[in-house]
Amino acid sequence: MIKNIPNLVDQSKKMFKETLSTSRNAKNYPQFLVIEDHKALLGSLEMSSISWSGSLRYFNGTSNFNKENAALLKETYDCCGDAAFLARDTFVVVGDKGAVEIFQIIPDDQEILELQSLNYARYHDDSVYAVSVLYGRKNIVTGGLDCCIKVWDVENLVATHSYSFAHTDCITGTDVKPMCDSTFASTSLDGDLSFWDIRQSKPVYCTINRKQKYYSISWNTAMAQFVAIGGDCGMIELIDVRQPDEPLFNSCLDTGSVWKVLFNPDRTRKNQLACCFDSTFVRVLDISKEMRVVMEDNKHTDYVRGLAWCEGDLFSCAWDDNVIKRTIPLSDSNDSNDNIDNNAGR
């Protein structure tokens with residue numbers, strides 16, 4: 001049974017009230033931002049007083065995120081929830097109607113880019129909030145409001161594993177173990193952080209419950225022993241998966257719930273952890289310095305919803321319909337992780 005999900009409901013009410021107070025012209029609410037190889041994908045909810053829909057914007061670079069600069073713009077009947085690149089020109093998108101769709105960018109006869117749907121499936125019973133790509137990019141993991149986790153074969157877009165009631169409340173986040181095609185983790189509003197291995201007869205091999213709601217998870221791509229999770233009251237935890245019962249560090253950084261946490265995938269910047277909240281703030285933490293805040297700003301004027309790294313640059317999108325870039329200095333601590341390892345050994 002789906003329990004109440006207060007922060008998601010409050011956000012929907014906020015958008016709805018704003019829309020009713022405006023004209024019939026649609027207002028754009030960016031929901032996610034994904035960047036890979038300097039290619040970017042921005043997914044949004046477009047809402048007016050009489051309807052709502054989704055939109056995807058694809059950019060060939062990261063220098064200008066104005067709508068007019070998009071190489072591709074596609075309106076969708078499904079409001080976009082999350083996305084991930086499968087290849088340089090191919091990506092998967094999930095949405096609020098339970099759908100999973102794979103798109104490919106192809107040039108036409110005049111070398112104008114077009115967006116082609118390669119495959120579509122709708123096996124979730126409700127909105128899908130999270131999608132992650134397993135190592136090898138042949139399989140993806142999805143989860144959402146129906147409390148179900150599915151593992152998909154990308155080529156045929158068939159669910160090879162389906163775990164009904166994987167959690168007892170809405171699944172808010174998934175992420176995969178680096179360099180592994182069978183292991184991932186999930187967070188939920190039921191307070192559980194679960195680690196999965198689909199090769200096992202009992203796929204959940206570890207569950208941690210901190211008695212609070214969790215909204216996001218990020219697995220460090222360069223140091224696979226570390227996972228970051230974000231929860232209620234601005235709480236962010238760093239966990240060593242080898243000793244997961246107690247967090248290495250935790251820090252309460254905002255009055256609003258954490259919306260997203262994201263490690264920098266650049267191996268030279270592996271200690272950088274970005275986070276955003278149900279607020280206008282964006283922060284970057286250094287996990288090798290006891291989660292010290294090394295960057296903080298509130299340049300947005302509405303809730304920040306998406307984060308994406310591109311080497312040393314951190315991008316964010318928000319409901320103010322802006323994408324903001326900030327450059328994060330390289331810390332000397334990226335060459336040493338003694339502080340983390342010492343805490344892990346306690």
Side-chain angles (χ1 to χ4, degrees), residues 32 34 36 81-86 91-94 98 100 102 121 123-124 127-155 157-210 213-231 237-244 247 258 260-265 270 273 307:
F32 64 78
V34 184
E36 186 170 302
D82 197 10
F85 277 98
L86 298 170
F91 54 86
V92 56
V93 178
V94 297
V100 178
I102 296 175
Y123 295 146
H124 279 280
S127 301
V128 185
Y129 293 143
V131 60
S132 302
V133 183
L134 286 160
Y135 179 67
R137 305 201 178 199
K138 295 181 179 180
N139 300 96
I140 58 175
V141 180
T142 59
L145 192 56
D146 61 358
C147 306
C148 179
I149 284 178
K150 294 184 183 293
V151 180
W152 303 76
D153 168 66
V154 169
E155 183 177 359
L157 203 56
V158 173
T160 57
H161 300 78
S162 185
Y163 305 108
S164 299
F165 302 105
H167 288 270
T168 59
D169 208 332
C170 171
I171 296 164
T172 53
T174 59
D175 203 3
V176 300
K177 182 178 180 180
M179 306 296 289
C180 183
D181 61 3
S182 62
T183 303
F184 62 91
S186 59
T187 54
S188 170
L189 297 185
D190 63 11
D192 283 350
L193 165 63
S194 296
F195 293 92
W196 301 73
D197 188 338
I198 60 175
R199 298 170 300 181
Q200 307 301 320
S201 57
K202 294 183 178 181
V204 179
Y205 64 87
C206 180
T207 298
I208 303 164
N209 191 298
R210 303 269 199 252
K213 295 178 173 66
Y214 287 125
Y215 298 98
S216 181
I217 181 170
S218 181
W219 210 315
N220 194 303
T221 57
M223 299 181 290
Q225 68 270 36
F226 298 126
V227 168
I229 52 175
E237 297 181 10
L238 179 67
I239 295 173
D240 186 330
V241 298
R242 300 166 300 185
Q243 302 174 18
V258 179
K260 189 174 183 64
V261 293
L262 186 65
F263 279 111
N264 192 332
K270 58 192 175 186
L273 176 67
L307 297 171

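Values below: every heavy atom of this structure, side chains too, minus hydrogens, waters and symmetry copies. Note that the structure is a prediction, hence the values are computed from the model and not measured.
In terms of the side chain to side chain donor-acceptor pair (under 3.5 Å) criterion, K260 has no residue partners (sequence neighbours excluded). With sequence neighbours excluded, the residues satisfying side chain to side chain donor-acceptor pair (under 3.5 Å) with S132 are T174. Listed by chain and residue number, nothing satisfies the side chain to side chain donor-acceptor pair (under 3.5 Å) test with T160 (two or more places apart in sequence, or in another chain). Taking S127 as the reference, D96, Y129, L145 meet the side-chain contact (heavy atoms from CB on, under 4.5 Å) condition, with sequence neighbours excluded. Taking V128 as the reference, V94, H124, T142 meet the side-chain contact (heavy atoms from CB on, under 4.5 Å) condition, with sequence neighbours excluded. Applying the salt bridge (Lys or Arg N to Asp or Glu O under 4.0 Å) test to D153 and every residue at least two apart in sequence or in another chain returns nothing. Qualifying side chain to side chain donor-acceptor pair (under 3.5 Å) partners for D82, counting only residues two or more places apart in sequence or in other chains: none. Under the rule for a side-chain contact (heavy atoms from CB on, under 4.5 Å), the partners of V133 that lie at least two apart in sequence or sit in another chain are A84, L86, R137, I140. Scanning for side-chain contact (heavy atoms from CB on, under 4.5 Å) contacts around S194 gives H167, S186, D192, W196, V204, T207, with sequence neighbours left out.
Heavy atoms from other residues, nucleotides or ligands lying under 6.0 Å from OH of Y135 number 12 at most.
S188 contributes a side-chain N or O that, together with a main-chain N or O of D169, makes up a donor-acceptor pair within less than 3.5 Å. For S216 (side chain) and V261 (main-chain N/O), a donor-acceptor pair under 3.5 Å exists by modelled atom type.
Rounding to the nearest 0.5 Å gives a distance of 8.0 Å between OH of Y214 and CD1 of I208.
Annotation: side chain of D240 is in contact with side chain of F226 (closest heavy-atom distance under 4.5 Å). Contact check for H161 versus P203: no side-chain heavy atoms found under the 4.5 Å cut-off.
Residue pairs satisfying the salt bridge (Lys or Arg N to Asp or Glu O under 4.0 Å) criterion with at least one member in residues 174-184, sequence neighbours excluded, are absent.
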